[in-house]
Amino acid sequence: MSNPVFYAGPRQLAALAPGDVFSLDGAEGRHAATVKRLAAGEPVDVCDGAGLRLVCTVTAAAAGVLDVRVDQVIAETAGDFELVLVQALAKGDRDELAIETATELGIDTVVPWQAERSIVRWKMDKAVKGRAKWQNAVAAAAKQARRARIPEVGELVGTSGLVELIKGARLALILHEDAPVTVSGVVRAWRGDGGGQPGDARILMVVGPEGGISPAEVEAFVAAGAHTALLGRHVLRSSTAGPAAVVLLSQELGRW
């Protein structure tokens with residue numbers, strides 16, 4: 001069974017080596033010592049959220065503080081392909097459910113998108129609070145999945161901003177029920193044309209809101225270089241489409 005994971009800042013962990021002792025305090029220390037009630041002798045991983053994993057053994061636990069001995073230092077490299085979920089804002093916290101599940105499945109970055117048909121709107125300070133809420137959601141999901149990397153949460157984009165993201169991506173998929181080609185078909189054709197070579201390859205998956213992506217948006221995204229892609233025979237909810245695409249892409253790209 002994998003070890004429970006807790007996070008600490010990169011500056012705290014960067015200089016540590018096997019044999020060093022480290023004190024985990026703050027919110028993570030309280031969670032480990034008080035909530036999880038970890039005790040001396042138990043294994044635990046302390047990660048920086050950017051790929052550094054310290055495999056440790058608890059040496060002592062006190063109120064809000066966990067002392068650990070570093071047994072192994074592992075630097076987990078990023079994959080050849082960066083998977084980016086562009087998730088339209090959706091009501092009923094379906095957008096948060098989507099990014100939480102996608103995080104557990106291995107997404108690298110999530111970007112909130114205020115689509116033309118989004119019922120939920122992030123305006124002014126609500127955009128700051130909304131992004132912070134998404135960051136907390138992916139951090140909690142990454143801890144649950146025991147990941148060393150916490151996905152990045154990008155700035156809120158509108159449709160014009162998403163067009164620019166598509167232009168800068170190696171591949172962009174618009175998950176759409178009327179697409180003539182499946183997700184797997186689009187990816188295989190892309191790789192067959194030489195576009196799927198490992199390296200700095202950013203792959204976007206664009207998920208629309210409850211009312212779907214408008215025809216004008218689809219037209220703008222395709223003009224920017226995106227491909228419409230079909231997930232299956234049935235229409236998926238906004239909370240389901242992104243995670244389903246992550247599964248398919250992870251298989252097609254050899255991440256799994």
J.: Counting N and O atoms only, with roles assigned by atom type, does the side chain of T240 sit under 3.5 Å from a partner on the main chain of L236, one being a donor and the other an acceptor?
T.: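 No.
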J.: More than 12 non-hydrogen atoms from neighbouring residues, nucleotides or ligands closer than 6.0 Å to CZ on R237, yes or no?
T.: no
J.: Test side-chain hydrogen bond (donor to acceptor under 3.5 Å, both in side chains) on S184 and E252 and set out the steps.
T.: CA-CA 7 Å; S184 295; E252 289 293 335; 3.3 Å; yes
J.: With rounding to the nearest 0.5 Å, note down the distance linking CG in D48 to CZ in R11.
T.: 13.0 Å
J.: Is I203 linked to L165 within one hydrophobic cluster, defined over Ile, Leu, Val, Met, Phe, Trp and Tyr using a side-chain heavy-atom separation of less than 4.5 Å?
T.: no
J.: Around atom CZ of R37, are there more than 12 heavy atoms of other residues, nucleotides or ligands at under 6.0 Å?
T.: no
J.: Report yes or no: does E42 contribute a side-chain atom to a donor-acceptor pair with the main-chain N or O of A39 at less than 3.5 Å?
T.: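 Yes.
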J.: If I take atom CG from residue L162 and atom CD from residue Q114, how far apart are they, to the nearest 0.5 angstrom?
T.: 12.5 Å
J.: Would a hydrophobic clustering, with Ile, Leu, Val, Met, Phe, Trp and Tyr connected at side-chain separations under 4.5 Å, put L175 with V247?
T.: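 Looking at the clustering, V247 is in the same group as L175.
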J.: Test your reading of the model: is there a side-chain donor-acceptor pair from S250 to the backbone of V246, 3.5 Å cut-off?
T.: yes
J.: Under 4.0 Å between a side-chain nitrogen and a carboxylate oxygen: does that hold for E28 and K143?
T.: yes
J.: Output the distance between atom CG (L171) and atom CZ (R191), rounded to the nearest 0.5 Å.
T.: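 Output value for this atom pair is 11.0 Å.
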J.: Set out, in order, the CA-CA distance, both residues' side-chain angles and the distance that settles side-chain hydrogen bond (donor to acceptor under 3.5 Å, both in side chains) for S214 and E217, then state yes or no.
T.: CA-CA 5 Å; S214 74; E217 288 172 324; 3.3 Å; yes
J.: I'd like to know if L204 and V153 are part of one continuous hydrophobic network [Ile/Leu/Val/Met/Phe/Trp/Tyr, side-chain heavy atoms within less than 4.5 Å].
T.: no
J.: Identify, with sequence neighbours excluded, every residue that meets salt bridge (charged side-chain N to carboxylate O under 4.0 Å, His left out) alongside E164.
T.: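 Here the qualifying residues are K167.
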J.: Counting distance only, does the side-chain N/O of R121 pair as donor-acceptor with the main-chain N or O of K123 below 3.5 Å?
T.: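 Checked: no pair found.
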J.: At their closest point, which heavy atom of V186 faces which heavy atom of A229, and how far apart are they?
T.: CG2-CB, 4.2 Å
J.: Do V46 and Y7 touch side chain to side chain, with heavy atoms closer than 4.5 Å?
T.: no
J.: Mark yes or no for whether D20, through its side chain, and A17, through its backbone, hold a donor-acceptor pair below 3.5 Å.
T.: yes
J.: Is there a side-chain contact between L66 and S23, using heavy atoms and a 4.5 Å cut-off?
T.: no
J.: Kindly state whether the ring of W113 and the ring of W122 have centres lying under 6.0 angstrom apart.
T.: no
J.: Which side-chain N or O atoms in residues 50-60 pair as donor and acceptor under 3.5 Å with protein atoms at least two apart or in another chain?
T.:
from : atom 1 : to   : atom 2 : distance (Å)
R53  : NE     : E76  : OE2    : 2.7
R53  : NH1    : D45  : OD2    : 3.0
R53  : NH2    : E76  : OE2    : 3.2
R53  : NH2    : R146 : O      : 3.1
T57  : OG1    : D71  : OD2    : 2.6
T59  : OG1    : D67  : O      : 3.1

J.: Got D108 and R202 here, is their nearest side-chain heavy-atom distance under 4.5 Å?
T.: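 They are not in side-chain contact.
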J.: Applying the side chain to side chain donor-acceptor pair (under 3.5 Å) test to S238, which of K91, Q87, R94 qualifies?
T.: Q87
J.: Hey, does L105 have a side-chain heavy atom less than 4.5 Å from the side chain of W256?
T.: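 W256 reaches L105 side chain to side chain.
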J.: About how many Å separate OG1 of T228 and CG of L173, when rounded to the nearest 0.5 Å?
T.: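 The CG atom of L173 sits 9.5 Å away from the OG1 atom of T228.
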J.: Should V163 and V157 be counted in the same cluster of Ile, Leu, Val, Met, Phe, Trp and Tyr side chains packed under 4.5 Å apart?
T.: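 V163 clusters together with V157.
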J.: Is any side-chain heavy atom of L24 less than 4.5 Å from a side-chain heavy atom of F22?
T.: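 Touching, per the 4.5 Å side-chain cut-off.
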J.: Is any side-chain heavy atom of V207 closer than 4.5 Å to one of V86?
T.: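 V86 does not reach V207 side chain to side chain.
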J.: Check whether any side-chain heavy atom of L85 lies under 4.5 Å from a side-chain heavy atom of V111, and answer yes or no.
T.: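 A side-chain contact is absent here, since even the closest heavy-atom pair is not under 4.5 Å.
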J.: Looking only at atom types and distance, does a side-chain atom of N3 sit under 3.5 Å from a main-chain N or O of P43, one as donor and one as acceptor?
T.: no
J.: Write down the atom of A98, the atom of P243, and the distance for their closest heavy-atom approach.
T.: O-CG, 3.7 Å
J.: Taking the side chain as everything from C-beta on, heavy atoms only, tell me whether R147 gets closer than 4.5 Å to V5.
T.: no
J.: Does T109 form a side chain to side chain contact (heavy atoms under 4.5 Å, CB included) with L83? I'd like the steps, not just the answer.
T.: CA-CA 7 Å; T109 303; L83 298 185; over 6 Å; no
J.: When you look at Q251 and L248, which way does the side chain to side chain contact (heavy atoms under 4.5 Å, CB included) test go after all the steps?
T.: CA-CA 5 Å; Q251 184 68 34; L248 286 172; 6.0 Å; no
J.: Among the clusters formed by ILVMFWY side chains lying less than 4.5 Å apart, do V183 and F81 turn up in the same one?
T.: yes
